[in-house]
Number of protein chains: 2
Amino acid sequence: MDASTPATDDAPEQVPAAASRAANDGDTACRNCPLRALPLFIEPSGEELALVQSLKRRERRLAAGEALIHEGQTDAPLYTLLQGWAFRYKTLSDGRRQILSFLLAGDFIGVQQKMGDAAAHGVETLTDAQFCVFHRDALWELHRQSPMMGFNITWLTAHEESMVDDTLLSVGRRSAEERIASLLILLFKRAAALQPDAGADGIAFPLTQQHIADGLGLSLVHTNKTLRKLERRGLHQISNGRLYLRDLKSMARLADLYGDGRPAPRPLV
Amino acid sequence: MDASTPATDDAPEQVPAAASRAANDGDTACRNCPLRALPLFIEPSGEELALVQSLKRRERRLAAGEALIHEGQTDAPLYTLLQGWAFRYKTLSDGRRQILSFLLAGDFIGVQQKMGDAAAHGVETLTDAQFCVFHRDALWELHRQSPMMGFNITWLTAHEESMVDDTLLSVGRRSAEERIASLLILLFKRAAALQPDAGADGIAFPLTQQHIADGLGLSLVHTNKTLRKLERRGLHQISNGRLYLRDLKSMARLADLYGDGRPAPRPLV
DNA sequence: CGACGTGTTGATCTCTCTCAATTAGAGTGG
DNA sequence: CCACTCTAATTGAGAGAGATCAACACGTCG
């Protein structure tokens, strides 16, 4: 129930010498991955866990606001976001920046670029964050050794695309108010799904208004004004780094979200 | 050399009774797939071809402007665009439409929605088109029976996402002129890569200005005015359903495209 | 305490949208 | 062969959402 208690069946931190453990030392073993405890994730078999474990190289921790991958960087490894928030972005040569998507625990990073290729987008943290690092070949190995996991990755990748699709719809066709409503709801749902201790008391919300602006194709000033407008109207509230949706109904109507902006259950660790 | 001669080694239309041929009759066999002839695609082994062939259910032909998948439709099968142009789109309840991406021969359709799920976007043809239809399970079967093909699909899916990323950057941060320049270049490159008989005489270009507008988050009127402006400036020309890039250099500079908007070589049939 | 990063607000400015009208082509039916 | 209809492309004019420019308030931090 409580996500702070990661282990499921055996001793929490006592990692057995898995045949395949290579370069990960102070790191948490996959079997103790905190994400496993969440109902959001499909439970992989022990075999699959061992496979993932064997492909994992190490962990990497970054403070808030640091770069995980620089735009144009070559040979970036494959990552999994274990903990914290981050975002993918692209910039034009004159500095205009577009955030492509926000990344939460469990998200994959770097499937996009083909090996040897330059990263098509940068990745930066929003909070202190923790990543699992995989060798570039891991993607292929995973497919080769476990078609099931490979299939899951395809599905995850497709799901990730559908989120970008949603953003594109927003940025292309929604007004500033609608975009913001839509973003807040979607992020709220995703974040809430990750914190079992959820409830009506909001979620931790590390974005600055600049991030919201860059994620929605708006200017900072206009984002601020729109945000204030919605807040004064009682739809939501952001304070002390937390986001509260005060009137989800109105917010959803404004965003014109189908159903509820479902955070589809995700397979894989 | 000439794409109009699809077969590679044996008799063109004489299809041997592959053990797995199920419901495809007047259809072209995978081994004779015209796409195979293009340098753009990686040559799959005979075994892989047979596998794809065995999963293929039938073909479907649509005239220009018809719907392949309706938004919200459930249980849509998996498709491959064999011939022609199409596009994926989403609409808001009041009718505003955003085209998410344009589809050309070789593109996959429908990997996004999980089985049983409602399609997150619609797909419509721009020209008369031809699709290969696969059973929904094909995706899994492909992964199971050929990790290599599975891997390719993941890569294709990721590549497709990176194209949406590019569009999002455009729509979110580029001016109308820049968006149009960027779209024209990208489509030109993709289409040119598919017609070996390319050359400087442009490409067949089936989009109406409304499609361009919906693909770039612009209004029809403003799209028209911007298009005319670029045309008068000698950057490009669209006439009789063909697009000519008269000044690629200036166009690319305007679009602020890195390198040249590379149409990365794609694996798989 | 000054430098910064982030959030606010007011005052223009302008790019893009909306409304309206017209032209040109492709079909259709008489 | 011609009126009639429809779709796509054009252009002009006015309106407006959102951008840009400028200040200022606050809290954190070296």
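Chain naming here is simple, since letters A, B, ... match the order of the sequence lines and numbering starts at 1 in each. In what follows, every heavy atom counts, from backbone to side chain, and hydrogens, waters and symmetry copies are set aside.
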Practice problem: Please report the C-alpha distance between B:H121 and B:R88 in whole Å, then the side-chain angles of each, then the deciding distance to 0.1 Å, and finally whether the side-chain hydrogen bond (donor to acceptor under 3.5 Å, both in side chains) criterion is met. | Solution: CA-CA 6 Å; B:H121 57 254; B:R88 302 190 303 119; 3.2 Å; yes
Exercise. Measure the distance from CD on B:E178 to C1' on C:dC15 and round it to the nearest whole Å.
Key: 12 Å
Quiz item: What is the distance, rounded to the nearest whole Å, between atom CD1 of A:I212 and atom P of D:dG18?
Solution: 15 Å
Self-check item: Gap between atoms CZ and P, on A:R173 and D:dG18 respectively (whole Å)
Solution: 13 Å
Quiz prompt | Partner set under side-chain contact (heavy atoms from CB on, under 4.5 Å) for B:Q130, not counting sequence neighbours | solution = B:E59, B:R61, B:L82, B:Q83
Quiz prompt | Whole angstrom value for the distance that separates C1' of C:dC17 from CG of B:L216 | solution = 15 Å
Exercise. Could you check how far CG of A:N240 sits from P of C:dT6, rounded to whole Å?
Key: 16 Å
Quiz item: Can you tell which of C:dT16, D:dA9, D:dA19 lies closest to the side chain of B:A176?
Solution: C:dT16
Quiz item: Taking C-beta and beyond as the side chain, do A:Y89 and B:L169 meet within less than 4.5 Å on heavy atoms?
Solution: no
Quiz item: Would you find more than 12 non-hydrogen atoms of other residues, nucleotides or ligands less than 6.0 Å from B:D94 atom CG?
Solution: yes
Quiz prompt | Protein-nucleotide distance (B:L207, atom CG; D:dA9, atom C1'), rounded to Å | solution = 14 Å
Quiz item: Of the residues in residues 220-232 of chain B, which ones touch DNA chain C at a heavy-atom distance under 4.0 Å?
Solution: B:V221, B:H222
Quiz item: What is the nucleic acid contact for B:G217, judged by heavy atoms within less than 4.0 Å: base, sugar-phosphate only, or nothing?
Solution: sugar-phosphate
Exercise. Figure out the CZ/C1' separation between B:R179 and C:dC17, and round it to whole Å.
Key: 12 Å
Quiz item: With a 3.5 Å cut-off and no angle check, do the side chains of A:T91 and A:E71 form a donor-acceptor pair?
Solution: yes
Quiz item: Does A:Q209 place a side-chain N or O at less than 4.0 Å from the phosphate oxygens OP1/OP2 of C:dG5?
Solution: no
Exercise. Please report the C-alpha distance between B:E66 and B:R60 in whole Å, then the side-chain angles of each, then the deciding distance to 0.1 Å, and finally whether the salt bridge (charged side-chain N to carboxylate O under 4.0 Å, His left out) criterion is met.
Key: CA-CA 12 Å; B:E66 287 195 294; B:R60 189 169 165 196; over 6 Å; no
Practice problem: Quick one: label B:S219 by what it contacts on the DNA or RNA (base, sugar-phosphate, nothing), any heavy atom closer than 4.0 Å. | Solution: base
Exercise. Quick one: sort the B:H211 and B:F87 rings into parallel, tilted or perpendicular, breaks at 30° and 60°.
Key: tilted
Practice problem: Check the distance between C:dG7's C1' and A:D214's CG and give it to me in whole angstrom. | Solution: 15 Å
Exercise. Report yes if a side-chain nitrogen or oxygen of B:Q210 is closer than 4.0 Å to either non-bridging phosphate oxygen (OP1 or OP2) of D:dA9; otherwise report no.
Key: no
